[in-house]
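These figures come from a predicted structure and were not determined experimentally. A note on names: the letters A, B, ... follow the listed sequences, proteins ahead of strands, and every chain is numbered from 1.
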2 protein chains.
Amino acid sequence: MKTDTNNATTTTVYEVARVAGVSPATVSRYLNGTAKISDEKRASIEKVIEQLNYKPNVLAQSLKMGSSRTIGVLTQSLVSGYFNEAMTGIDEAMKDAGYVPLIMSGHWHASEEAERVELLIARRVDGLVILTGNLSDAQILQYARRVPIVAFGRKLEGKQAFGFCLDNYQAACDAMDYLIEQGHRRIAFIEGPPEQEDARARLAGYRDTLARHNIKVHPKLIVPGDFQESGGLLAVNQLLETGQRFSAIFAGNDLTAYGARLALYRRNIRVPEDVSIIGFDDLHSSMCTTPPLTTVRQPLFDVGICIGQIMLKMINHEKFTVDIPALSLVVRESVRRIG
Amino acid sequence: MKTDTNNATTTTVYEVARVAGVSPATVSRYLNGTAKISDEKRASIEKVIEQLNYKPNVLAQSLKMGSSRTIGVLTQSLVSGYFNEAMTGIDEAMKDAGYVPLIMSGHWHASEEAERVELLIARRVDGLVILTGNLSDAQILQYARRVPIVAFGRKLEGKQAFGFCLDNYQAACDAMDYLIEQGHRRIAFIEGPPEQEDARARLAGYRDTLARHNIKVHPKLIVPGDFQESGGLLAVNQLLETGQRFSAIFAGNDLTAYGARLALYRRNIRVPEDVSIIGFDDLHSSMCTTPPLTTVRQPLFDVGICIGQIMLKMINHEKFTVDIPALSLVVRESVRRIG
DNA sequence: TTGAAAGCGATACCAA
DNA sequence: TTGGTATCGCTTTCAA
């Protein structure tokens, strides 16, 4: 009942073999270089392939070989500069090995993430990359029994599973040290979603560094955010409306910093003359904000490369060691020395 | 010589059938609801599937059905907010129909694009979406003989091909009308890459609108850019260094506007008090620049939805009509009324 | 309603 | 070096 989608009849190894006067096995051997072929047949096959514009059906190959040369990537947002920088690295690291990423987004929603993972597995991806998200470690380990997994944004070690994260805590400490070194004492902090490990680590870095410098942690200076611009905007409004005094803001991430900066702009509070801002992530656009944002650089591209390399090793059952990329403070112009 | 990648033996319809005491055909029928099944067998199958945690092999299904339920998307950058907003729309539009996007990037390089397209076709995607890029229309039409194509960023009409673009020219005219209405006469324009149709259309809109208002088109006010922040920065530097006078800048796109804004900031030129800026694209972050950027909104998400819907129709050989989303000016705070 | 078997397009083993 | 053929996991006639 169903008509062919493609008008042109697809050419197959059989077709090529027939026209070239050889067996399909030989054509396959030619394609994969699996065995020596007489020059005569080789020439013939080459000609026919050219002439018929034959392209092997990857689906059939995958089925037969038990490997789709595809690796599934579960991201949380197709539009996030943060995730997409990592995606680029993954793609870069795997493409030379002939792997193609199949990307799906879980939108930070555990049940949707689980659904996507099942979809990816059903498509027989050779490996799975999970970029943060809300799945439990137990669930991931469970999936790892079906497919090798490398996760980013959580520590994980298992039979076919490996996960790592960057040292957000240390980087937050460094950022705070910098702020304090620049003379800031009353520093506001805009949180990220508490269910995200990274967000908690940054907050911890904030608190601990203050404590280490014997600066009182003022609870009113810690305001909730959501890692989005709107959260940053609201947070600063709240800070201002409740009359807090602060000379600097440590935003949970760059997006938050953007929102915070806008809230300040609205009230004619200058950055960095009146208030300093420091972010976290170093999104591409942070280079061009007004003023350019001082922030913590997350080397996401390198993370992606790293993920890809581990994935490759795992797929090939090779041992691997990991060199986790380091976070670093990038000083631009949104923080001013005071006092 | 090669060991199984997956430790667990994959369960198949045969396995399920054997355990459930039915034929594989019946299991398949159950899976697809292709025929009535006795309650008894149905229950039995259900139980076994559950117990064996059976998931159909999509690869095998695809091979058999001649459809991979995958649609290839050729984008130009994995990190571009511009493209990714469209991606989201495409994903949204197609996922309910069970289609999954397979994304590859051509990086604005015709030969790489061609390579990716071949890869996508080899994977037997059911359809292909081409987001702008540098392939020739002829090449695309050629590919369309093998797979249905919908292209964005070019007008195209063919047997299995359809392409559309947004009216960049008209939107550029609108933006210019707005600037002029606000009293601006000396308006600088930062170009995009001339090989991109959109860039040319915007420039044409700039020129023509000026002409229509009997305002002299001053060649020195038109400076090259590259649709990146750096291009915008350089362009403004050039403008300033060659001593041009201008009260407003029409940036070829938002990224360019960001760079331009930074160049101005560096020289203590205020926006919009001293110079107004208008962008094009309305990237998400343009909402939060300082000041928020007045720009032309490209409804990329809607474009994505539109692309997805057309794709679906094409795959199903249904007629379709297209309602091309409109561009619109979004007035924020980067343009000031003068004179 | 059900089962047997052919076939999707490739690969690789076994013989020759 | 080559060819014949079984097989990957599934769907779908065709018969029963």
Could you check how far [atom1] of [X] sits from [atom2] of [N], rounded to whole Å?
X       : N       : atom1 : atom2 : answer
L59(A)  : dG9(C)  : CG    : P     : 10 Å
Y30(A)  : dG3(D)  : OH    : P     : 16 Å
I45(B)  : dT2(C)  : CD1   : P     : 8 Å
L31(B)  : dC10(D) : CG    : P     : 8 Å
R123(A) : dC10(D) : CZ    : P     : 15 Å
R69(B)  : dT11(D) : CZ    : C1'   : 14 Å
E40(A)  : dT2(D)  : CD    : C1'   : 12 Å
E15(B)  : dC8(D)  : CD    : P     : 12 Å

Does OP1 or OP2 of [N] have a side-chain N or O of [X] closer than 4.0 Å?
X      : N       : result
T26(A) : dG3(D)  : yes
Q61(B) : dG9(D)  : no
T12(A) : dG9(C)  : no
Y54(A) : dA10(C) : yes
N57(B) : dC8(D)  : no

Just compare [options] and give me whichever is closest to any side-chain atom of [X].
X      : options                  : value
K36(A) : dT11(D), dG4(D), dT1(D)  : dT1(D)
R29(A) : dT11(D), dG3(D), dT11(C) : dG3(D)
S38(A) : dG9(C), dG3(C), dT1(D)   : dT1(D)
Y14(B) : dC10(D), dT11(C), dC8(C) : dC10(D)

Base, sugar-phosphate alone, or nothing: which one does [X] contact when heavy atoms must sit under 4.0 Å apart?
X      : answer
L63(B) : base
V58(A) : nothing
V27(A) : nothing

Exercise. Do NZ/NE/NH1/NH2 and the carboxylate oxygens of E118(B) and K55(A) come within less than 4.0 Å?
Worked result: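 So E118(B) pairs with K55(A) through a salt bridge.
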For this session: Flag the pair E113(A) and R116(A) as a salt bridge only when some basic side-chain nitrogen lies within less than 4.0 angstrom of an acidic carboxylate oxygen.
Result: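 Salt bridge between E113(A) and R116(A), a charged N being under 4.0 Å from a carboxylate O: no.
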Exercise. Is a donor-acceptor pair below 3.5 Å formed from side chain K64(A) to base dG9(C), judging by atom type as modelled?
Worked result: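 No such pair is found, so the answer is no.
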Exercise. Going by modelled atom types, is there a donor-acceptor pair between the base of dG9(C) and the side chain of R124(B) at under 3.5 Å?
Worked result: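 It does not, because no donor-acceptor pair links the side chain of R124(B) to the base of dG9(C) below 3.5 Å.
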Exercise. If you draw a 6.0 Å radius around CD in E318(A), do more than 12 non-hydrogen atoms from other residues or ligands fall strictly inside?
Worked result: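 Correct, the count exceeds 12.
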Exercise. Do other residues, nucleotides or ligands put more than 12 heavy atoms under 6.0 Å from the NE2 atom of H109(B)?
Worked result: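 No, because the 6.0 Å sphere around NE2 of H109(B) holds 12 heavy atoms or fewer from other groups.
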Problem set entry | No-hydrogen, no-angle side-chain donor-acceptor test under 3.5 Å, R123(A) and T70(B) |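 Judged by distance alone, the side chains do pair up.
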Problem set entry | Test item: K155(A) and C165(A) side chains (from C-beta on) under 4.5 Å apart, heavy atoms |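 Yes - at least one pair of side-chain heavy atoms lies under 4.5 Å apart.
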